[in-house]
Student: 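Pasting a structure below so you can have a look.
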Amino acid sequence: MTVLASVSLATFLVAGLAATQFRSQPLPPSNRLARDEALRKSVNQLEDQNRALKARVQTLQADVKAGEDETARRSSAAQEVKAQLDEQKTFAGLTALHGPGLTVLLHDGTDPNSPVDHSLGWTIHYQDLQDIVNVLWASGAEAIAVNGQRIVPSTAFHYAGVNILVNNASRLSGPYTVIAVGDPPALANGVGNPDQLAELKSRNRIYGLGFSWLRSTRLSVPAYDATFLVKYAQPIG
Amino acid sequence: MRSPSVELTARSQRLVIFSLIAIGLGFLIVVQLRSQAAVARTLAAQDDTSVALLINDLNRANNQLIQQNAVLAEQQTQLQKALTSGGADSQALSKELTTLREVNGAIAVHGPGLEIRIQGPVMDFELQDALNNLRNAGAEAISLNGYRIIGSTPVVSRGDILMVAGHAVRTPLVMLVIGDAEQLGPAADLSASSLQTRVQVSIQRQDDLAITEVVTPRPVIYAQLGK
């Protein structure tokens, strides 16, 4: 009887473990690869669609501009509005600009592989880009672009997992190039000011994170590759 | 009463059975632990969350771009219609001018949104993070303590003083944000959650907020049109 009871208990335990084992079995490699591939395919398809939609926006913007130019030629009232419109487009980042300025270069440092340092301080974060852009505006920048993406009134940097996104889900990856058009000495003084970007400068020393800048006599920033939708804000008066 | 030889045989059989079961159990426990570790490593390598978040953002951005295309197509049709009939429709130009003035903070605006009150000092990077989150959630107009904030408005800390566009702003901070309150709410909550450990933050939805302050565009001295 004792042997039977022992065998029964042991068999029960083995069956339980076997069941748990079956449930926790990782996906077979073929399924896992298929799932990875499907996810990557979705991203590629959506990014292709994103590029195509932006190209369509730019074509339509060119058509609208041609219509506006012709309208302004035919009416003096429209001509006045068109002059104001062109000025607002420049302020909003809808036109490409060039001029003297500053190029700021950033890249990840070296992973210390330290068991006590899990800070990821050696990588460039979206907040670093946001801080640099803020300092450049404060130093009198007239136009800014990050990795070819124009910084406009609606621009927000954010993370989607490990990806840094900006302007309609445009993915930014290092090395990062921030171009600012403006007075080169003023811009360089702003970035070089020890009171500004102190944390980034400290990580530059600790992790060898790349952070340098260069004055230039001619830089160019592209126009914003989309447009603005205002749905909720209404003008007063 | 069993004989000693029979008793010995039975004991040996029990020992063999238990040994086999113990081996089996040991094997299964080890395999179990190893397969669980493998599952964890596989998930980490795949970074499904990153890919899923990216897909979500791309879908959202593409929907926005589809809407932008529709607005531009309508604008073009309106302009073209007037031109074809021999006239000139300055209304289409005026409409676009109003939109850009709103975006650039050049005119007073009103609309639904959030009123965020912060009771306590805030550093420049904290305000930048909040503004970034709100813009990402579709904020269309923002003001802080009577100063209009647009994309190029610098926010810096001078010691304990927060400066917005060169003006000192002191607590309590009152931020007005116009946009879709459904979208703005979670973004404001996210910023508040990091601030609330040391300052008091209250967020109220409003059906109609007015932001009357405007921004004077800074003169363009160095930049010239064209690539």
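Computation of the quantities below employed the complete heavy-atom set of this structure, encompassing side-chain atoms and omitting hydrogens, waters and symmetry-equivalent molecules. A, B, ... follow the sequence lines: proteins, then strands. Residue 1 opens every chain.
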Student: Quick check: do B/Gln76 and B/Leu72 have side-chain heavy atoms less than 4.5 Å from each other?
Tutor: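 No, too far: nothing below the 4.5 Å cut-off.
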
Student: Non-hydrogen atoms of chain B under 4.5 Å away: do they reach the side chain of A/Asn50, the backbone, both or neither?
Tutor: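 Contact with chain B: backbone and side chain both.
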
Student: Sort A/Leu219 into side chain, backbone, both or neither according to what part of it lies under 4.5 angstrom from a heavy atom of chain B.
Tutor: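 For A/Leu219, neither part sits under 4.5 Å from chain B.
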
Student: May I ask you to check whether B/Gln67 and A/Lys231 show a side-chain donor-acceptor distance below 3.5 Å?
Tutor: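 Yes, side-chain donor-acceptor contact under 3.5 Å.
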
Student: Side chain, backbone, both or neither: which part of B/Thr98 has a non-hydrogen atom closer than 4.5 Å to chain A?
Tutor: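 Just its side chain gets close to chain A.
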
Student: Could you tell me whether the side chains of B/Arg101 and A/Gln84 share a donor-acceptor contact shorter than 3.5 Å?
Tutor: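 Their side chains do contain a donor-acceptor pair, which is all the 3.5 Å distance test asks for.
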
Student: Going by the side chain to side chain donor-acceptor pair (under 3.5 Å) test, name the single residue among B/Gln75, B/Gln80, B/Gln78 that passes it with B/Asp89.
Tutor: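 It is B/Gln78; the other options fail the test.
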
Student: Please look at A/Lys65 and chain B and tell me whether the side chain, the backbone, both or neither of the residue comes under 4.5 angstrom of a heavy atom of that chain.
Tutor: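 For A/Lys65, neither part sits under 4.5 Å from chain B.
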
Student: When heavy-atom pairs shorter than 4.5 Å are enumerated against chain B, which of A/Val81, A/Asn134, A/Thr95, A/Leu94 gives the highest number?
Tutor: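 So the answer, after comparing A/Val81, A/Asn134, A/Thr95, A/Leu94, is A/Asn134.
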
Student: Quick one: which of A/Val57, A/Val181, A/Thr59 has the most heavy-atom pairs under 4.5 Å with chain B, could you say?
Tutor: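 Looking at each of A/Val57, A/Val181, A/Thr59 in turn, A/Val57 comes out on top.
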
Student: Below 4.5 Å from any heavy atom of chain B, which atoms of A/Glu70 appear? Answer side chain, backbone, both or neither.
Tutor: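 Both backbone and side chain.
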
Student: Given heavy-atom pairs under 4.5 angstrom as the criterion, report whether the side chain, backbone, both or neither of A/Ala141 touches chain B.
Tutor: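 The backbone, not the side chain.
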
Student: Could you look at A/Thr155 and say if it's the side chain, the backbone, both or neither that has a heavy atom under 4.5 Å from chain B?
Tutor: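 The backbone, not the side chain.
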
Student: In the structure I gave you, are the side-chain heavy atoms of A/Arg150 and A/Leu97 within less than 4.5 Å of one another anywhere?
Tutor: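 A/Arg150 reaches A/Leu97 side chain to side chain.
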
Student: Under a plain distance cut-off of 3.5 Å, with no hydrogens placed, do B/Ser90 and A/Lys82 share a side-chain donor-acceptor pair?
Tutor: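 Their side chains do not contain a donor-acceptor pair, so the 3.5 Å distance test is not met.
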
Student: Has B/Asp208 got a side-chain atom pairing as donor or acceptor with B/Pro112's backbone, closer than 3.5 angstrom?
Tutor: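 Looks like no, no N/O pair under 3.5 Å.
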
Student: Highest number of heavy-atom pairs under 4.5 Å with chain B: which of A/Lys54, A/Glu47, A/Gln79, A/Gln130?
Tutor: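 Winner by heavy-atom pair count: A/Gln130.
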
Student: Which atoms of B/Thr153 come close to chain A, meaning under 4.5 Å heavy atom to heavy atom: side chain ones, backbone ones, both, or neither?
Tutor: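 Interface part for B/Thr153: backbone (N, CA, C, O).
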
Student: Do A/Arg56 and B/Leu65 come close enough that some side-chain heavy atom pair is under 4.5 Å?
Tutor: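 No; the side chains remain at least 4.5 Å from each other.
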
Student: Heavy-atom pairs under 4.5 Å with chain A: which of B/Leu83, B/Leu100, B/Leu53, B/Thr212 has the most?
Tutor: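 The answer is B/Leu83.
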
Student: At a 4.5 Å cut-off on heavy atoms, which part of A/Leu165 comes close to chain B: side chain, backbone, both, or neither?
Tutor: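 Contact with chain B: side chain only.
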
Student: Who passes side-chain contact (heavy atoms from CB on, under 4.5 Å) against B/Asp180, sequence neighbours left out?
Tutor: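 With sequence neighbours excluded, B/Asp180 shows a side-chain contact (heavy atoms from CB on, under 4.5 Å) to A/Tyr232, B/Glu182, B/Gln183, given in chain and number order.
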
Student: For residues A/Leu60 and B/Gln68, determine if any side-chain heavy atom of one lies less than 4.5 Å from a side-chain heavy atom of the other.
Tutor: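 The answer is no, as the side chains (C-beta and beyond) never meet within the 4.5 Å cut-off.
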
Student: Is A/Arg73 close to chain B through its backbone or its side chain, or both, or neither, when contacts mean heavy atoms under 4.5 Å?
Tutor: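 Contact with chain B involves no heavy atom of A/Arg73 at all.
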
Student: For chain B, find which of A/Asn168, A/Val221, A/Asp131, A/Leu85 contributes the most heavy-atom pairs closer than 4.5 angstrom.
Tutor: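 Going by pairs under 4.5 Å, I would pick A/Leu85.
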
Student: Between B/Asn59, B/Ile178, B/Ile107, B/Asp57, which has the largest tally of heavy atom pairs under 4.5 Å with chain A?
Tutor: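 So the answer, after comparing B/Asn59, B/Ile178, B/Ile107, B/Asp57, is B/Asp57.
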
Student: Less than 4.5 Å to any heavy atom of chain B: does that hold for the side chain of A/Ser220, its backbone, both, or neither?
Tutor: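 The side chain, not the backbone.
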
Student: For B/Glu102, is it the side chain, the backbone, both, or neither that has a heavy atom closer than 4.5 Å to a heavy atom of chain A?
Tutor: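 It is the side chain, since no backbone atom gets that close.
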
Student: Look at the side chain of B/Asn62 and the backbone N and O of A/Leu46, then say whether any donor-acceptor pair between them is shorter than 3.5 Å.
Tutor: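 Yes, B/Asn62 side chain to A/Leu46 backbone: donor-acceptor pair under 3.5 Å.
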
Student: For B/Asp160, I'd like to know if atom CG has over 12 heavy atoms of other residues, nucleotides or ligands within 6.0 Å.
Tutor: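 No, CG of B/Asp160 has 12 or fewer neighbouring heavy atoms, counting only those of other groups under 6.0 Å.
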
Student: Could you tell me which of B/Asn136, B/Leu209, B/Thr77, B/Ile211 has the largest number of non-hydrogen atom pairs under 4.5 Å with chain A?
Tutor: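 Result: the option with the highest number of such pairs is B/Asn136.
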
Student: Among B/Val155, B/Leu58, B/Leu79, single out the residue with the greatest number of heavy-atom pairs under 4.5 Å to chain A.
Tutor: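 Result: the option with the highest number of such pairs is B/Leu58.
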
Student: Could you tell me which portion of B/Ile150 (side chain, backbone, both or neither) has an atom closer than 4.5 angstrom to a non-hydrogen atom of chain A?
Tutor: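 Contact with chain A involves no heavy atom of B/Ile150 at all.
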
Student: Report, as yes or no, whether the 6.0 Å neighbourhood of atom CG on A/Asn44 holds more than 12 heavy atoms from other residues, nucleotides or ligands.
Tutor: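 Atom CG in A/Asn44 is crowded, with more than 12 foreign heavy atoms closer than 6.0 Å.
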
Student: Measuring heavy-atom distances to chain A, does B/Val71 have an atom under 4.5 Å in its side chain, in its backbone, in both, or in neither?
Tutor: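 Just the side chain, heavy atoms under 4.5 Å.
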
Student: Among A/Asn167, A/Leu136, A/Asp195, A/Val230, who wins on heavy-atom pairs under 4.5 Å with chain B?
Tutor: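 When all of A/Asn167, A/Leu136, A/Asp195, A/Val230 are compared, A/Val230 has the most.
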
Student: Please rank B/Thr99, B/Leu131, B/Val103, B/Val156 by heavy-atom pairs under 4.5 Å with chain A and give me the top one.
Tutor: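 Maximum pair count with chain A is reached by B/Val103.
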
Student: Give, for atom CG of B/Leu134 and atom OG of B/Ser191, the distance between the pair rounded to the nearest 0.5 Å.
Tutor: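 Here the rounded value is 6.0 Å.
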
Student: Identify which part of B/Asp129 has an atom lying under 4.5 Å from any heavy atom of chain A, answering side chain, backbone, both or neither.
Tutor: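 It is both, since atoms from each part get that close.
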
Student: Answer with side chain, backbone, both or neither: which region of A/Ser154 has an atom nearer than 4.5 Å to a non-hydrogen atom of chain B?
Tutor: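 The backbone, not the side chain.
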
Student: B/Ser85 side chain to B/Ala82 main-chain N or O, any donor-acceptor pair under 3.5 Å?
Tutor: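 Present.
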
Student: How would you list all residue pairs meeting ring pair (Phe, Tyr, Trp, His ring centres under 6.0 Å) that involve residues 153-173 of chain A, not counting sequence neighbours?
Tutor: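 Every ring pair (Phe, Tyr, Trp, His ring centres under 6.0 Å) pair that includes a residue of residues 153-173 of chain A, provided the two are not neighbours, is A/Tyr126-A/Tyr159.
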
Student: Do A/His98 and A/Arg218 come within less than 4.5 Å of each other through their side chains, counting heavy atoms only?
Tutor: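 A side-chain contact under 4.5 Å exists here.
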
Student: Side chain from CB out, backbone as N, CA, C, O: work out which of these in B/Ile221 comes under 4.5 Å of a heavy atom of chain A, or both, or neither.
Tutor: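 Its backbone and side chain both get close to chain A.
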
Student: Could you check which of A/Gly99, A/Ser170, A/Ala156 has the highest count of heavy-atom pairs closer than 4.5 Å to chain B?
Tutor: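 Looking at each option in turn, the highest pair count goes to A/Ala156.
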
Student: Which of the residues B/Gly166, B/Ser152, B/Ala73, B/Ala210 is involved in the greatest number of heavy-atom pairs with chain A at under 4.5 angstrom?
Tutor: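 The residue among B/Gly166, B/Ser152, B/Ala73, B/Ala210 with the greatest pair count is B/Ser152.
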
Student: Need one label for A/Ala92: side chain, backbone, both or neither, based on atoms under 4.5 Å from any heavy atom in chain B.
Tutor: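 For A/Ala92, backbone and side chain are both near chain B.
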
